Amino acid sequence: MSLAGRDLITMSDLSTEEIRALLDTAGQMAEAIGFGDAGKRHASERLDRIMATCFFEPSTRTRLSFESAMLRLGGSVLGFSEPGGSSVAKGETLADTARTVSGYADILVIRHPKMGAAKVAADAAEIPVINAGDGAHAHPTQTLTDLFCLKRRFDRLDGLTVGLFGDLKYGRTVHSLGATLARLGSQVVCIAPEQLAMPKRYLDEIEEISGERPQCVTSVDGVLGELDVLYATRVQVERFPEEEREGARAIAADFVVDAALMERAPENMIVMHPLPRVEEINPEIDDDSRAAYFEQAHGGVPVRMALVAHLLGLLEDERNAFRGFERRGDERPEAVASPGRARQEAEEGPDSASAERKCRNDRCITWEERFLAGFFQTMPCGEVCCAYCEEPLEEED
Ligand code: NCD
């Protein structure tokens, strides 16, 4: 297996075997840095590699854990964390930005409010690009972090029942996590108010993989007893139209994990949350041994160390992965298409790029980015979708 030179835009860029290998490496990284110990270590040698973090949307955990990961590997970091901090504010396209940055760094981590933006950057950059969240679309490194936490808590990733709880419509973490859990042999239950239900296409994807459509309910009460994990999420208020924000906050009030709920919950059911939390988890449960969310967030460092090391081709000889990183050659891996993109290229018909046919999703990067033709691909479920945000071309029923 080699991930060297590849991008990570959605979880379908990784095979199940690659996901497992990444988590194994993350386990080794955790050991190497002393994960969970008071004093943490970092690589004894300097790593002659630079990570660029280009964040057009707020972030605490994702950006800082990526930067911490790169620093612990011995490398260096540069970037910006304000949308106004780059020449995009002057009207530069995202593609030009990514192409430019790829001359300044060896790996690019990007977060952007528009769905499909990470793919635009990956198509333009000549270095590996990691999607650190693109609007309501995907957040693959959060999924890897979530899996790392699940593996530490349960010592397995199959046979688990995970209740996805809260804003399943706009929450990108659950979009990436649901189908991945299905691939690993675990089951998902969607618990959300009707207005924030899991979009059809993600349910289709899970059904396509597992052969079963996830159970969708509007209250946790009837399913709580079956859960191994309650995965709470924040209502993504910033993705609602201005006039609906107040209403969204009000709906969220019914989707709270507190001591009373934990009393009714199974003894071994853990609570996860990608964080930040607003009102969804009452701090009164923070000291409950089932509250796993801060441990989950901290796991982002070894997980991102593993991912970066793989994409930079630092771990080609797995046996030597942790000997102070002394085997670093000067060779940079060639940029290669990830399997997801390769598949898309193979499926690309003569009509798939079209200047007239626009993605119907107004949150898609294709509406904002100039010089980008509409581009559509057939998904495994047979539906024709935008190649950037992956929203179906036709309206969902
Ligand atoms: C999430 C995100 O940005 O999608 N946070 C994170 O990366 N840990 C969840 C959120 O913002 O609600």
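Just so it is clear, the structure is predicted and the values come from calculations on it, not from any experiment. Every number for a ligand or one of its atoms is a count from 1 in the order of the listing.
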Next item on the list: State, to 0.1 Å, how close D167 and Q236 come at their nearest heavy-atom pair, and which atoms those are.
Entry: OD2-N, 2.8 Å

Notebook entry, point to check: Is there a heavy atom in P276 that sits closer than 4.0 Å to ligand 1?
Noted result: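 Distance cut 4.0 Å: P276 passes for ligand 1.
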
Margin query: With a 4.0 Å cut-off on heavy atoms, is E57 in contact with ligand 1?
Written below: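 No; E57 lies far enough from ligand 1 that no heavy-atom distance drops under 4.0 Å.
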
Note to self: T173 versus ligand 1: do any nitrogen or oxygen atoms come within less than 3.5 Å of each other?
What the structure shows: no

Next item on the list: Could you tell me which atoms of ligand 1, counted from 1 in the order shown, lie closer than 4.0 angstrom to a heavy atom of T62?
Entry: 6 (C), 7 (O)

Item checked: Numbered atoms and elements of ligand 1 in range of R111, under 4.0 angstrom, heavy atoms ->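 Going through ligand 1 atom by atom, the ones under 4.0 Å from R111 are 2 (C), 3 (O), 7 (O).
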
Check: Do the numbers put R245 on top of the ring of F240, so that NZ or CZ is under 6.0 Å from the six-membered ring centre and no more than 45° off the axis?
Finding: no

What is the closest protein heavy atom to [atom], and at what distance does it sit?
{"atom": "atom 11 (O) of ligand 1", "value": "R234 NH2, 2.9 Å"}
{"atom": "atom 7 (O) of ligand 1", "value": "H139 NE2, 2.7 Å"}
{"atom": "atom 6 (C) of ligand 1", "value": "L275 O, 3.4 Å"}
{"atom": "atom 8 (N) of ligand 1", "value": "P274 O, 2.9 Å"}

Margin query: Pair F80, F55 - check ring-ring contact (aromatic ring centres under 6.0 Å, His included), show working.
Written below: CA-CA 6 Å; F80 54 81; F55 277 58; 8.8 Å; no

Next item on the list: Check step by step if side-chain contact (heavy atoms from CB on, under 4.5 Å) holds for K114 and E57.
Entry: CA-CA 10 Å; K114 290 287 175 185; E57 224 190 23; over 6 Å; no

Notebook entry, point to check: Do I270 and F154 have side-chain heavy atoms sitting under 4.5 Å apart?
Noted result: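 Contact flag for I270/F154 side chains = yes.
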
Notebook entry, point to check: L181 versus L157: any side-chain heavy-atom pair under 4.5 Å?
Noted result: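 Sidechains of L157 and L181: no contact.
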
Checklist line | Nearest neighbour of atom 3 (O) of ligand 1 from the list R239, Q296, R172, on a heavy-atom basis | finding: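 The option holding the nearest heavy atom is R172.
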
Margin query: For a quick check under 3.5 Å, do T53 and R63 share a side-chain donor-acceptor pair by atom type?
Written below: no

